[in-house]
Amino acid sequence: MPHQQHARGSGTAGRARVSVALVFAVHGAVTGSFVTRIPWLQDHLHLSPGQLGLALVSPALGASFAMPLAGRIVHRFGARAAVRGLLTLWCLALALPALAPGLATLCLALLVYGGTSGMADVAMNAQGVEVEERLGRSIMSGLHGMWSAGGLVASGFGVLAARQQLDARLQLAVTAVVLALLAQPACAGLLDVRPAPEAEAPPRFALPPRSALVIGLVGFCAVFAEGASMDWSGVYLRDVTGSSAGTAAACYTAFAATMTAARLTGDLVIRRLGPVRAVRLGGAVATLGGLLVVAADTPGVAVPGFALIGVGIAVVVPLAFAAAGRSGPDPSRAIAGVATVTYTSGLVAPAIVGGIAQATSLTVSFTVVTLLAAALVAGAGALRRRPRGGPPESAAPDLERSTG
């Protein structure tokens, strides 16, 4: 990479792969710990559903505003120190929401929580892209699978704490410190990528480069389907298919578990098919799942439909970040741009689904989700592998497979 040099003593690519995988798992564990205590926050602060919804918008807003700052931080401190510092701040921010005495302070705490999350997200994905480049094969899907796995494991501890009626202020504070401590050895093997001395520092608040926007739109479609399915699958099963409360709750588990499994194994598919064919196949699978959901009149049809949506969209966001990291001379800035677009999708998807359902029906809402899944098939070419900052490679099957 002509614009960067590597400090002495940086870890090997193999060691860095293990290290960045652990970083993704720690990052996911923070999210998994928080989401299980949201009911405690609502009860503790006596929040109405509308007030809770307002508060839960704050993390996405904080992330969207803070992520463009990540490129400057990586440039100034180097990749390894940036990931370590931002991940530590993100872990410690986990303790803040439970300490809030009211709605206003909760929103402020969640803005900080989301901001540190977004900046750490950009820095660790940039590290993942660098490690993938060094190894010469796809690893980003597996890294995002580690994020999902970390979230699932941590949520299990959170559920146990909730069942034991443990005060969330104590549980989240202890978890924050433990995860912050685990982040230190996790970051030890990261590649210490630093800018060349003559490299110009990026702006303090860098807008997404144009090269990232088309890639971001592909990620937007996938995250929209993910957000809609995560937030509305249970309601869909209950209201449209007449399922029991237990089956409706289990639908999210099926969706999350299948998406995690698909991400952990997705690199094998990507290496064989290449990123474009992998996303086209995933888009087709997600579209089939959406059609099952739209046609469902029983839970036995809807649950497999949501599971197929999870499988189909699993590799899209990891591949979007990987493509962004190669789309220009500044990987952190490009990844921040794609991440901002995808976070926006996650922010608006539940509200748009609810608005369409209010005006028409949930079935119509998931018809829109199905159309966006189908758009992945058409837009997959934007994720074609290319040299760092260079033009796309040939679409020839042999070339595309050999780059994976």
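Gln127 meets the side-chain hydrogen bond (donor to acceptor under 3.5 Å, both in side chains) test with no other residue; sequence neighbours excluded. In terms of the side-chain hydrogen bond (donor to acceptor under 3.5 Å, both in side chains) criterion, Asp239 has no residue partners (sequence neighbours excluded). By the side chain to side chain contact (heavy atoms under 4.5 Å, CB included) test, Ala349 pairs with Phe224, sequence neighbours left out. Listed by chain and residue number, nothing satisfies the side-chain hydrogen bond (donor to acceptor under 3.5 Å, both in side chains) test with Gln42 (two or more places apart in sequence, or in another chain). By the side chain to side chain contact (heavy atoms under 4.5 Å, CB included) test, Thr363 is found to be paired with Tyr236, Val240, Val294, Ser361, residues two or more places apart in sequence or in another chain being considered. Applying the side chain to side chain contact (heavy atoms under 4.5 Å, CB included) rule to Arg280 yields the partners Val276, Val377, Ala380; only residues at least two apart in sequence or on another chain are considered. Applying the side chain to side chain contact (heavy atoms under 4.5 Å, CB included) test to Ala357 and every residue at least two apart in sequence or in another chain returns Leu362, Ser365. With sequence neighbours excluded, no residue forms a side-chain hydrogen bond (donor to acceptor under 3.5 Å, both in side chains) with Thr31.
The CZ atom of Arg72 lies 14.0 Å from the CE atom of Met119; values are rounded to the nearest 0.5 Å. To the nearest 0.5 Å, the span separating OH on Tyr113 from CG on Leu94 amounts to 6.0 Å. Rounded to the nearest 0.5 angstrom, Leu376 CG and Cys221 SG are separated by 5.5 Å. Distance check, rounded to the nearest 0.5 Å: CG of Asp121 to OG of Ser117 gives 6.0 Å. With rounding to the nearest 0.5 Å, the separation of CE in Met124 from OG in Ser19 is 12.5 Å. Distance check, rounded to the nearest 0.5 Å: CG of Leu47 to CD1 of Ile38 gives 11.0 Å.
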Show, in sequence, the C-alpha distance, side-chain angles and deciding distance for Phe366 and Leu371, and conclude whether the side chain to side chain contact (heavy atoms under 4.5 Å, CB included) test is met.
CA-CA 8 Å; Phe366 275 90; Leu371 291 173; over 6 Å; no
Using side chain to side chain contact (heavy atoms under 4.5 Å, CB included), reason through Leu110 and Phe34 one step at a time and then give a plain yes or no.
CA-CA 11 Å; Leu110 289 175; Phe34 171 71; 3.7 Å; yes
Would Leu96 and Val112 count as a side chain to side chain contact (heavy atoms under 4.5 Å, CB included) if you check the C-alpha gap in whole Å, the side-chain angles of each, and the deciding distance to 0.1 Å?
CA-CA 9 Å; Leu96 297 179; Val112 175; 3.9 Å; yes
Quick one, Thr116 with Leu86, criterion side chain to side chain contact (heavy atoms under 4.5 Å, CB included). Give me CA distance, side-chain angles, the key distance, then yes/no.
CA-CA 6 Å; Thr116 54; Leu86 292 171; over 6 Å; no
One pair to check against side chain to side chain donor-acceptor pair (under 3.5 Å): Ser345 and Thr342. What are the steps and the verdict?
CA-CA 5 Å; Ser345 180; Thr342 57; over 6 Å; no
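Of all the heavy atoms in Val293 and Gly305, the pair that sits closest is CG2-C, 3.7 Å. The two residues Leu308 and Gly289 have their closest heavy-atom pair at CB-CA, 3.7 Å. Here the shortest heavy-atom pairing between Ala382 and Val218 reads CB-CG2, 4.1 Å. Taking each heavy atom of Gly128 and Ile139 in turn, the nearest pair found is O-CD1, 4.0 Å. For the residue pair Ala262 and Val315, the shortest heavy atom distance occurs at O-CG1, 4.4 Å. For the pair Ala93 and Pro97, the tightest heavy-atom approach, listed with the atom from each and the gap, is O-CD, 3.4 Å.
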Which atom pairs, one a donor and one an acceptor, fall under 3.5 Å between side chains of residues 140-152 and the rest of the protein, sequence neighbours left out?
| unit_1 | atom_1 | unit_2 | atom_2 | d |
| --- | --- | --- | --- | --- |
| Ser141 | OG | Arg263 | O | 2.8 |
| His144 | NE2 | Asn125 | OD1 | 2.9 |
| Trp147 | NE1 | His27 | ND1 | 2.9 |
| Ser148 | OG | His144 | O | 3.3 |

Give every donor-acceptor pair under 3.5 Å between a side-chain atom in residues 172-187 and any protein atom, sequence neighbours left out.
| unit_1 | atom_1 | unit_2 | atom_2 | d |
| --- | --- | --- | --- | --- |
| Thr175 | OG1 | Gln171 | O | 2.7 |
| Gln184 | NE2 | Thr88 | OG1 | 2.8 |
| Gln184 | NE2 | Ala180 | O | 2.8 |

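In this structure, the side chains of Cys107 and Leu103 come closer than 4.5 Å at one or more pairs of heavy atoms. In this structure the side chain of Ser233 reaches within 4.5 angstrom of the side chain of Phe306, judged on heavy atoms. Taking the side chain as every heavy atom from C-beta outward, Glu132 and Arg17 never approach each other to under 4.5 Å.
Under the 3.5 Å distance criterion, the side-chain polar atoms of Thr258 are left unmatched by any main-chain donor or acceptor of Gly310. With hydrogens and angles ignored, the 3.5 Å screen pairs no side-chain donor or acceptor of Arg137 with any backbone N or O of Arg271. Here the side chain of Ser155 pairs no donor or acceptor atom with the backbone of Gly158 at under 3.5 angstrom. Side chain of Gln164 to backbone of Ala161: no donor-acceptor contact under 3.5 angstrom is found.
Residue pairs that meet the salt bridge (Lys or Arg N to Asp or Glu O under 4.0 Å) test with at least one member in residues 90-99, sequence neighbours left out, do not exist here. Identified under the salt bridge (Lys or Arg N to Asp or Glu O under 4.0 Å) test for residues 149-167, with sequence neighbours left out: Asp167-Arg169.
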